Chemist: 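Structure below; questions to follow.
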Amino acid sequence: MTTENMITPTNLRDAYDSINERIHNAAAKSGRRGSDIIMVAVTKNATPDQIRTLVEMGHADLGESRVQQLAQRAPQLNEFLARKKTLARAAPQSALGVPDNVRWHMIGHLQRNKVKQVAPLVTLIHSVDSLRLAEEVHNFAVRTDRIIDILIQVNASGEEQKFGVAAPAVSHLAEQIDTMMHLRFRGLMTMAPLSDNPEDARPTFARTADIFNDLRKDKIGGPDCNVLSMGMSKDFEIAIEEGANVVRIGTALFGSNPMPEDD
Ligand SMILES: *Cc1c(COP(=O)(O)O)cnc(C)c1O
């Protein structure tokens, strides 16, 4: 573990406060408030201790990109929260500010054969990138009599990215999804190309925001279409300036632990 990147539970609070302040400032630049932006804490490189500490601080939105870790961590954390609640009956102070439930976000590539494992655990799937995947999620929702919230992942950078729907194809897919009664189309997600310069991400974010605004103008998804998930540790301020209302933050919060412990 490289010490320079290590974030311990004691300074997790500082990292969290600092990111929230930066979110607030970026939101102000686009005439919004920090409270208009949801920070999804991406736990793929976080330790279970760090996740529990963050949740005890009152944070409720967590994101995972890997199915196996999600399947392991969601039940672990629910157990932890249930234990906290039991303790709180004896000593109410002990659960002050701890959320009753956390909201998991699936942010990574989702294979169709993993839908039944992932869907029951998450509040929002950010990474729907094909009609076939949307249909699979819809079939699961019908079978289990649920409504599942989803975003379309957009490949807006125009470069060779592994996942995401090409920009010109987004509105057609959104219209198709909008006819699936057990899916709730909530908006778009995108990832900027890797770069050392955060400004390089701006065109990708601006293009995705344009598509998002067009969908809203055309009333695709109706009022539920109100989520624009873009921006990560290196570029979240730019994403917010361009209209993001959900940012997905991993490294800036938890550091870059090389190997997550699975205890
Ligand atoms: C890992 C990941 C993030 C967070 O990345 P950081 O640079 O560590 O903040 C956000 N979104 C997705 C889809 C990811 O896979």
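Note that ligands are numbered from 1 as they come in the structure, with each ligand's atoms numbered from 1 the same way. Everything numeric here is computed off the predicted structure, so don't read it as measured data.
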Chemist: Does CD in Glu21 sit with more than 12 non-hydrogen atoms of other residues, nucleotides or ligands closer than 6.0 Å?
Modeler: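 It does not: Glu21 CD has 12 such atoms or fewer within range.
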Chemist: Between His109 and Phe163, what is the ring plane arrangement, given parallel below 30°, perpendicular above 60°, and tilted in between?
Modeler: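 Answer is parallel, since the angle falls under 30°.
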Chemist: So, 4.0 Å and heavy atoms of Lys44: is ligand 1 close enough to count as a contact?
Modeler: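 Yes.
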Chemist: If you count the atoms of ligand 1 from 1 in the order shown, which ones are under 4.0 Å from a heavy atom of Ile249?
Modeler: 9 (O)
Chemist: Would Thr251 count as being in polar contact with ligand 1, using the rule that some N or O on each side must be under 3.5 angstrom apart?
Modeler: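 Thr251 vs ligand 1: N/O contact under 3.5 Å present.
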Chemist: Using a strict threshold of under 4.0 Å (side-chain N to carboxylate O), is an ion pair present between Arg202 and Glu241?
Modeler: yes
Chemist: Regarding atom 10 (C) of ligand 1: of the candidates Met189, Met106, Met232, which has the closest heavy atom?
Modeler: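 Checking each option, the heavy atom nearest atom 10 (C) of ligand 1 is found in Met232.
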Chemist: Under 4.0 Å from any heavy atom of Met191, which atoms of ligand 1 are there?
Modeler: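 Close to Met191: 13 (C).
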Chemist: Does the side chain of His182 pick up a donor-acceptor pair with the side chain of His138 at under 3.5 Å?
Modeler: no
Chemist: For ligand 1, which atoms have a heavy atom of Arg248 less than 4.0 angstrom away?
Modeler: 4 (C), 9 (O), 10 (C), 11 (N), 12 (C), 13 (C)
Chemist: Please identify which atoms of ligand 1 are closer than 4.0 Å to at least one heavy atom of Ser233.
Modeler: 6 (P), 7 (O), 8 (O), 9 (O)
Chemist: Any chance the side chains of Ser127 and Gln153 put a donor and an acceptor closer than 3.5 Å?
Modeler: no
Chemist: Suppose we measure from atom 13 (C) of ligand 1 to each protein heavy atom; which comes out shortest, and what is that distance?
Modeler: Ile107 O, 3.4 Å
Chemist: Can you tell me how far the OG1 atom of Thr47 sits from the CG atom of Leu12, to the nearest 0.5 Å?
Modeler: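 One gets 9.0 Å once the value is rounded to the nearest 0.5 Å.
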